[in-house]
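Any value given below was found using the heavy atoms of this structure, including those in side chains, with hydrogens, waters and symmetry copies removed.
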Amino acid sequence: VNTFVMALGSASVSTTLGAIYAWFVVRTDVPGKRILKMMTALPLTLPFLVKAFAWIFLFSPSVGLVNLAFRQVFGLESIFNIYSMWGMVFALGVGGLPLTYLTIEPAMASLDPALEEASRVAGEGLPKTFLKVTLPVVLPAILSSFLLLIIMGLENFDCPFLLGGRRGINTLATEVYFWINEAQPPRYATAAILSLIYIALTLSAFTLYIWITRKTYKFVVVTGKAKLTVHKLRKWKYTAFIVCFFMLFFAFILPFSTIVLMSLTTFFTVAGGSLVTRFTLENYVSALTMPLFYEAFRNSIIMGLVSAVIATILAAFLSYASLKSKVRGARLIEYISSIPLAVPGIVYGLALFWMFLLLPGISDVLYGTVWPLVIALIFIRLPHCVKMVSANLIQIGDEMEESSRICGGSWARTFMKITLPLLKGGLANSFLYTFINSLREMGSIVLLVTADSMVLIILLLNLYTQHPFALNIVAATAVMLCLLLMAALATSHALQRLSARRKTIKSIF
């Protein structure tokens with residue numbers, strides 16, 4: 001019940017915020033559109049684990065900065081307890097804003113403006129047009145995002161482990177982890193039975209998601225290259241900007257600022273209504289001199305790069321086989337490649353844990369290395385990579401490859417010289433997505449990490465659980481992980497702009 005309530009509640013919050021944000025940014029004249037669009041990618045650089053740390057620093061009943069301020073200034077008890085079901089729903093809900101926006105934004109942008117214009121001509125105002133026309137037309141995209149967020153909420157391990165465990169609010173993910181890592185002695189059979197129940201729940205949600213998305217052809221509304229209608233908000237446009245800003249504030253600005261603040265302090269208190277603290281860089285020095293830090297950093301980079309490369313290569317072949325192959329049943333490949341979405345990361349990690357322990361010849365070679373982590377991440381991220389590459393491949397006409405074959409080119413040469421270069425946009429997005437999320441992922445690898453294969457995200461978790469008084473060092477380590485993810489995102493953006501500039505120069509000359 002806790003698992004379902006957390007997933008349904010957080011998906012409802014994320015979908016509502018994302019739909020409103022997408023409408024303001026795409027269909028209205030809200031100020032600062034370019035900044036608002038660019039900022040939606042930044043929350044992706046904050047792992048859910050790091051966001052959970054930030055909310056703990058702010059809303060913990062005992063040490064939370066907000067609750068401490070209200071207690072000392074107004075004499076009130078904690079105004080919001082992050083260690084609760086509402087806390088978990090809030091943390092996951094605001095964290096899902098980027099995914100919701102990225103899912104709904106294309107539907108908002110491709111909506112036939114004639115439908116909205118007809119409503120306005122009939123005398124309906126902007127709010128009623130949005131509720132009666134815009135919202136029903138983009139409902140498939142909204143529903144698709146909602147179901148996808150439910151699946152992600154069902155599978156999430158980070159938030160319930162940190163925010164629910166202290167109050168006994170257990171989910172299926174934390175229960176599986178408990179019977180393996182914390183129970184004495186470990187009860188693997190119990191964990192396996194719970195995993196089967198867990199998979200049944202997520203597979204049901206996944207099946208519903210596939211069925212709903214297959215029905216979206218009934219809502220086709222893109223009928224030509226009509227100019228996108230931008231609604232004039234007039235005196236309300238600055239209010240709309242404030243609404244969008246507050247969404248970004250809770251999704252990225254507030255949690256990241258809190259983590260940075262905590263990483264630069266040794267203590268803090270609230271006296272007389274003002275924050276009293278001492279700023280220092282000692283926490284970063286302590287983090288950099290921790291045992292296993294550099295090994296964890298190196299393993300994280302290797303794990304992210306290798307899993308991104310392999311997942312992207314596999315996605316290219318799977319997408320080509322499902323969309324371009326003439327073999328009967330080739331379309332099933334796309335469906336089969338999506339099945340990992342229905343397998344919770346913690347369950348797949350348990351399966352790999354036993355596989356690498358029990359299979360002769362494998363445990364001696366692979367167990368204790370980063371390869372089990374890489375395999376887990378490839379499996380978990382492959383469905384998303386396939387969708388990214390397929391979206392690019394479906395736009396490439398067959399005549400490009402047919403021309404090559406008429407000229408005597410083999411399939412391999414055609415694929416390498418024509419298809420792959422045309423797919424570089426989808427391949428780049430797949431690589432970046434897998435790399436960033438490999439460094440963020442915790443559920444699927446938490447059972448596979450050993451002292452010899454330590455990575456940054458698990459080092460953060462261990463530091464927090466084993467040294468609860470080292471919160472400032474935890475914050476410093478979290479900031480360095482976030483900066484690494486931001487650097488990857490900035491590098492990708494710079495390369496895309498450089499590539500676009502080269503294309504422009506070639507077209508001129």
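Within the model, atoms CD1 of Ile313 and CZ of Phe431 stand 10.0 Å from one another, a figure rounded to the nearest 0.5 Å. One distance of note links OG of Ser257 with CG of Leu58; it measures 9.5 Å at 0.5 Å rounding. Note that CG of Leu162 and OH of Tyr464 are 6.0 Å apart. Values are rounded to the nearest 0.5 Å. Atom CG of Leu373 is separated from atom OG of Ser444 by 8.0 Å, given to the nearest 0.5 angstrom. Going from atom CG of Asn156 over to atom CE of Met88 covers 8.5 Å, rounded to the nearest 0.5 Å.
For Ser319 (side chain) and Ala315 (main-chain N/O), a donor-acceptor pair under 3.5 Å exists by modelled atom type. Not one N or O on the side chain of Asn181 forms a donor-acceptor pair closer than 3.5 Å with the backbone of Tyr177. Between the Asn2 side chain and the Ile169 main chain, no donor and acceptor come within less than 3.5 Å of each other. Side-chain atoms of Asp158 do not come within 3.5 Å of backbone N or O of Phe161 as any donor-acceptor pair. Under the 3.5 Å distance criterion, the side-chain polar atoms of Asn472 are matched with a main-chain donor or acceptor of Met262. Counting only distance, with no hydrogens or angles, the side chain of Lys33 and the backbone of Thr28 share a donor-acceptor pair below 3.5 Å. The backbone N or O of Leu42 lies less than 3.5 Å from a partner atom in the side chain of Thr45, making a donor-acceptor pair. Ser453 places a side-chain N or O within 3.5 Å of a backbone atom of Thr450 that can act as its donor or acceptor partner. Checked by atom type and distance alone, the side chain of Thr3 pairs as donor or acceptor with a backbone atom of Leu172 at under 3.5 Å. The closest donor-acceptor contact from the side chain of Asn299 to the backbone of Val370 lies at 3.5 Å or more, if one exists at all.
Using a 4.5 Å heavy-atom threshold, the side chains of Met355 and Leu352 count as touching. Inter-residue side-chain proximity for Asn170 and Pro160 is flagged as unmet; no heavy-atom pair is nearer than 4.5 Å. Using a 4.5 Å heavy-atom cutoff, the side chains of Phe245 and Ile253 are in contact. At a threshold of 4.5 Å between non-hydrogen side-chain atoms, the residues Lys51 and Pro43 count as touching.
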**OP:** Evaluate side-chain contact (heavy atoms from CB on, under 4.5 Å) for Leu8 paired with Phe146, printing each intermediate quantity in order.
**Re:** CA-CA 9 Å; Leu8 185 62; Phe146 178 70; 3.6 Å; yes
**OP:** Let me see the working for Leu439 and Ile457 under side-chain contact (heavy atoms from CB on, under 4.5 Å), right down to the final yes or no.
**Re:** CA-CA 7 Å; Leu439 271 62; Ile457 193 74; over 6 Å; no
**OP:** Show your working on side-chain contact (heavy atoms from CB on, under 4.5 Å) between Thr434 and Leu377 and close with a plain yes or no.
**Re:** CA-CA 8 Å; Thr434 306; Leu377 291 169; 5.9 Å; no
**OP:** Carefully, step by step, assess Phe57 and Leu65 under the rule side-chain contact (heavy atoms from CB on, under 4.5 Å).
**Re:** CA-CA 6 Å; Phe57 294 149; Leu65 190 59; over 6 Å; no
**OP:** Would you please test Tyr188 and Trp354 for ring pair (Phe, Tyr, Trp, His ring centres under 6.0 Å) and show each step?
**Re:** CA-CA 10 Å; Tyr188 296 105; Trp354 277 107; 4.9 Å; yes
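The salt bridge (charged side-chain N to carboxylate O under 4.0 Å, His left out) pairs that include a residue from residues 431-459 are Arg381-Glu441, where partners are two or more places apart or lie in different chains. Listed by first and then second residue, the side-chain hydrogen bond (donor to acceptor under 3.5 Å, both in side chains) pairs that reach into residues 13-22 come to none, sequence neighbours excluded. Listed by first and then second residue, the salt bridge (charged side-chain N to carboxylate O under 4.0 Å, His left out) pairs that reach into residues 173-196 come to none, sequence neighbours excluded. Annotation: side-chain hydrogen bond (donor to acceptor under 3.5 Å, both in side chains) contacts involving residues 193-206, sequence neighbours excluded, are absent.
Every residue meeting the side chain to side chain contact (heavy atoms under 4.5 Å, CB included) condition with Phe293, not counting sequence neighbours, appears here in chain and number order: Leu288, Met290, Leu456, Leu459, Thr477, Met480. Here Ile242 pairs with Phe246 under the side chain to side chain contact (heavy atoms under 4.5 Å, CB included) rule; sequence neighbours left out.
Ring pair Phe90/Trp55: centre-to-centre distance below 6.0 Å.
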